[in-house]
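Read the numbers this way: they start at 1 and go in the same order the structure lists the ligands and their atoms. Residues take their numbers from the sequence shown, with the count starting at 1.
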Amino acid sequence: SHAWGYGAQDGPEKWAESFPVANGPRQSPIDIVPTQAQHDPSLKQLKLKYDPATTKGILNNGHSFQVDFTDDDSSSTLVGGPVIGIYRLRQFHFHWGSSDDKGSEHTIAGTRFPCELHLVHWNTKYPNFGEATSKPDGLAVVGVFLKVRIFSKSISGIAVIKLFQMMDVLCGFVYQIGSANPRLQKVLDALDDIRSKGRQTTFSNFDPKTLLPATLDFWTYEGSLTTPPLLESVTWIVLKDPVSVSPAQMAKFRSLLFTSEGEAPSCMVDNFRPPQPLKGRKVRASFK
Ligand SMILES: NS(=O)(=O)c1ccc(C(=O)NCc2ccc(F)cc2F)cc1
């Protein structure tokens, strides 16, 4: 059966048994080595136009949770960057770890982030998402790293931290200075209603643009879905700049379950595939 997961019996090391493309020439994710990426001045600016009214709902699919969008018109699209044509937003979802030292799928020179956001788009030259998933230029996924920051302000903040740490020693109290991402919070607040696999709830009027960093500098390469069926149909667009997330917000991701109600509960954590062989592929950078 095609049942797959992230455990020892059904995880990424076992996927090739049911999905032989797992050992294909353009698998994702990969380790991105910035010094080996080539700046390509012909890459266009990435243009993301999202209409919050296309937000359809939020679902725990047993591997991650996703926010789905209506894609029967081109209200929410990706154009430019490395792609030709118009790609429609289908859904976004995340991959995360059981602790802050892992969780992302792509890595940057071996650095792993606690979480990675994927915004999934499909090429409107094909009739629908399902058709597009089997074409070499069918999908475009924007990857965004989430980074836990203790303090997101300037260097003076570090001085403040030093002061607090001294005070900390003196007063023995623990503080957590703003690293929470307020835009992410609306998504995380919906998770209480979709704790188990198969649960879905209403979710509306959300603009995914609010989850993106200030600059859309990116690396791009030709790859695949990072979960079975691992189809080699994705143009990956991985943003250079991370967005912030707090430890408390990470705990919220980790409160979800892989399992359905009634099954023995299994925490939804470490739902990431490790980096795959580059096999001669070139990674291009949109920035110097
Ligand atoms: N993590 S990722 O961004 O690479 C990713 C994005 C989408 C999917 C997906 O839609 N899978 C289900 C699915 C649904 C329909 C279909 F035709 C094919 C298909 F893979 C899987 C992985």
At a 4.0 Å threshold, what atoms of ligand 1 neighbour a non-hydrogen atom of [X]?
X: Gly130; value: 17 (F)
X: Val141; value: 3 (O)
X: Thr227; value: 21 (C), 22 (C)
X: Val120; value: 3 (O), 6 (C)

Is it true that the side chains of [X] and [Y] contain a donor and an acceptor less than 3.5 Å apart?
X: Asp71; Y: Trp122; value: yes
X: Asn205; Y: Thr55; value: no
X: Thr220; Y: Trp236; value: no

What residue and atom, counting heavy atoms only, is the protein's closest point to atom 20 (F) of ligand 1, and at what distance?
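Protein heavy atom with the smallest distance to atom 20 (F) of ligand 1: Pro229 CD, 3.1 Å.
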Atom 3 (O) of ligand 1: which protein heavy atom is closest, and how many Å away?
His93 CE1, 3.2 Å
Any protein heavy atom < 4.0 Å from atom 1 (N) of ligand 1
yes
Just to confirm, does any protein heavy atom lie below 4.0 Å from atom 12 (C) of ligand 1?
no
For ligand 1, is there an N or O atom under 3.5 Å from any N or O atom of Thr133?
no
Between ligand 1 and Thr226, is the shortest N or O to N or O distance under 3.5 Å?
yes
Strictly below 4.0 Å, N to O, side chains only: are Asp217 and Lys240 in salt-bridge contact?
yes
Ionic contact status for Asp192 with Lys252, cut-off 4.0 Å:
yes
Residue part near ligand 1, for His95, under 4.0 Å between non-hydrogen atoms:
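The answer is the side chain of His95.
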Relative to ligand 1, is Leu225 under 4.0 angstrom through side chain, backbone, both or neither, heavy atoms considered?
both
Whether Phe92 and Phe206 hold their rings parallel, tilted or perpendicular, with breakpoints at 30° and 60°
tilted
Relative to each other, are the rings of Trp4 and Trp15 parallel, tilted or perpendicular (30° and 60° limits)?
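If you compare the ring of Trp4 with that of Trp15, the planes turn out perpendicular.
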Proximity winner for atom 9 (C) of ligand 1, if only heavy atoms of Trp122, Phe129, Phe92 are counted:
Phe129
Quickly, which of Ser204, Ser74, Ser76 forms a side-chain hydrogen bond (donor to acceptor under 3.5 Å, both in side chains) with Thr54? Name it, please.
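Single pass found, and it is Ser76.
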Going through the checks in order, is the side-chain contact (heavy atoms from CB on, under 4.5 Å) test met by Asp137 and Thr235?
CA-CA 7 Å; Asp137 61 348; Thr235 296; 5.5 Å; no
